[in-house]
Amino acid sequence: MRGGTSTANERSNVSDPIPFIDLQAQRKRLGEPLARAIAEAVEGGQWILGPQVAALEKQLAAFGGVKHAIACANGTDALLLILRAWGVGPGDAVFVPSFTFAATAEVVALAGAAPVFVDVLGDTFNMDPASLESAVAMIKREGRLKAKAVIPVDLFGQPADYRKLEPIVRREKLLMLCDAAQGFGATLDGKRTGSIGDAASTSFFPAKPLGCYGDGGACFTNDDGLAEIVLSLRNHGQGTDRYENVRIGLNSRLDTIQAAVLIEKLMIFPDEIDTRERIARRYDAAFAKSDRIVVPRVIEGAQSVWAQYTIQVQDRAKLQTDLKDAGIPTAIYYPIPLGRQRAYAHYPTAPTPVSDALSKNVVSLPMHPYLDETTQDRIIGAVLKSLG
Ligand SMILES: Cc1ncc(COP(=O)(O)O)c(C=O)c1O
């Protein structure tokens, strides 16, 4: 989800290119306090895991309604740290959606375990509970791997259907790690992602709903024992002292400047989530008029943070070309289901017909909290015109 940026002024002309994500508009809103926060982080001289990191961790835990938030270097490491802390390794099967960003399965392989691909639902893009059940049954039947954990992803910003996934996870005695890299801040039945599952992770990559100005990530859990191990693992497996190593860890510390940025951004995050929701609803209402567009469905009781607004259309190539000609960027998340990628083709997979179909017809439109109505109307008009 790498997005270009431009300033609000650059949008004034109707034929000007529209940014996919406008991070400079957010930067303007954050103004002088953000610049001051960065300067203070620099002058403070504790550039890695400084006091701002500890403050951020407290604020993230409070925001997420979870006991422990542990900042780390990126969202990929956040997943890996938790798998490693659980002791996931060779001989273990970890169930992941086939329709997601590579990191979700990559960390399983890096831990030495086997990712097992599960299909997703065609209207929400999230893990299909029925496909999870059949994948678990397949692994048990084959008897080669031990079914150990599942990583549902809150794809494009909305929580996976944990009401249906959790009973399967409990029945099968699996561990559940929720990949909220795209969905941190979303809620399901009033509970925020981060507090759902045995543990959760997120990414602060700049284009994420809550992003910093570089790489960053965090792990979340209510489990004191797990939190203690993750804290140790993120700093080379340290013990009570920095130069005592009690386990094999990694360098996955967060820079203090990034924490300072995130503290400022967290203050406006709830308001940004509301604005994203309003923008998504405007897209929904406009596209309801067309029978050629399938809009994303959000499950009842959930609020998405709309990392992406992703529609499904039959002639995606034409739509992308027409929009490009009109100065409107689009993106395809994801053009190849993960289980079909060369690097992952040798791992077990459930049948994934829905992921296969989605990869051919999904297209994401510009979505960010600074998308003004005039610009959004230009996008809507161009989409409707192209699809006829
Ligand atoms: C679903 C998902 N998981 C994990 C990650 C990894 O996050 P990071 O890029 O911070 O390592 C991403 C980032 O794009 C993601 O979208």
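Model, not experiment: these values are computed from the prediction. Counting begins at 1 with the first residue of the sequence. Just follow the structure's listing: the first ligand is 1, and inside any ligand the first atom is 1.
The parts of Thr76 lying near ligand 1 are both backbone and side chain, judged by heavy-atom distances below 4.0 Å.
Of the options Leu155, Asp215, Asp179, Thr202, the smallest heavy-atom separation from atom 3 (N) of ligand 1 is shown by Asp179.
Partners of Arg282 according to the salt bridge (charged side-chain N to carboxylate O under 4.0 Å, His left out) rule, which considers only residues two or more places apart in sequence or in another chain, are Glu373, Asp377.
Atoms of ligand 1 found under 4.0 Å from any heavy atom of Ala103 (numbered from 1 in listed order, with element): 4 (C), 5 (C), 6 (C). Heavy-atom contacts of Val153 reach the following atoms of ligand 1: 1 (C) (cutoff under 4.0 Å). The Thr100 neighbourhood of ligand 1 comprises atoms 1 (C), with distances under 4.0 Å to a heavy atom of that residue. Against a heavy-atom cut-off of under 4.0 Å, Gly75 is close to the following atoms of ligand 1: 6 (C), 7 (O), 8 (P), 10 (O), 11 (O). Per-residue contacts place Asn74 under 4.0 angstrom from the following atoms of ligand 1 (heavy atoms of the residue considered): 10 (O), 11 (O).
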Going by atom type alone, with no hydrogens or angles, which donor-acceptor pairs under 3.5 Å involve a side-chain atom of residues 167-180 and a protein atom two or more places apart or on another chain?
unit_1: Arg170; atom_1: NH1; unit_2: Asp198; atom_2: OD2; d: 3.4
unit_1: Arg170; atom_1: NH2; unit_2: Glu166; atom_2: OE2; d: 3.2
unit_1: Arg171; atom_1: NH1; unit_2: Glu133; atom_2: OE2; d: 3.1
unit_1: Arg171; atom_1: NH2; unit_2: Glu133; atom_2: OE2; d: 3.0
unit_1: Glu172; atom_1: OE1; unit_2: Lys140; atom_2: NZ; d: 2.7
unit_1: Asp179; atom_1: OD1; unit_2: Ala181; atom_2: N; d: 3.0
unit_1: Asp179; atom_1: OD2; unit_2: Thr104; atom_2: OG1; d: 3.0

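Two rings, from Tyr333 and Phe101, have their centers 6.0 Å or more apart. A centroid separation of 6.0 Å or more is found between the aromatic rings of Phe156 and Tyr309.
Backbone and side-chain nitrogen or oxygen atoms of Ser203 are examined, and one is located within less than 3.5 angstrom of a nitrogen or oxygen of ligand 1. Considering both main-chain and side-chain atoms, Ala181 never comes within under 3.5 Å of ligand 1 through any nitrogen or oxygen pair.
One finds a salt bridge joining Glu277 and Arg281 here, because a Lys/Arg side-chain nitrogen approaches an Asp/Glu carboxylate oxygen to under 4.0 Å. For the pair Arg163 and Asp189, the salt-bridge criterion is met [side-chain N within less than 4.0 Å of a carboxylate O].
One hydrophobic cluster, built from ILVMFWY side chains closer than 4.5 Å, cannot hold both Tyr347 and Val118; they sit in different ones.
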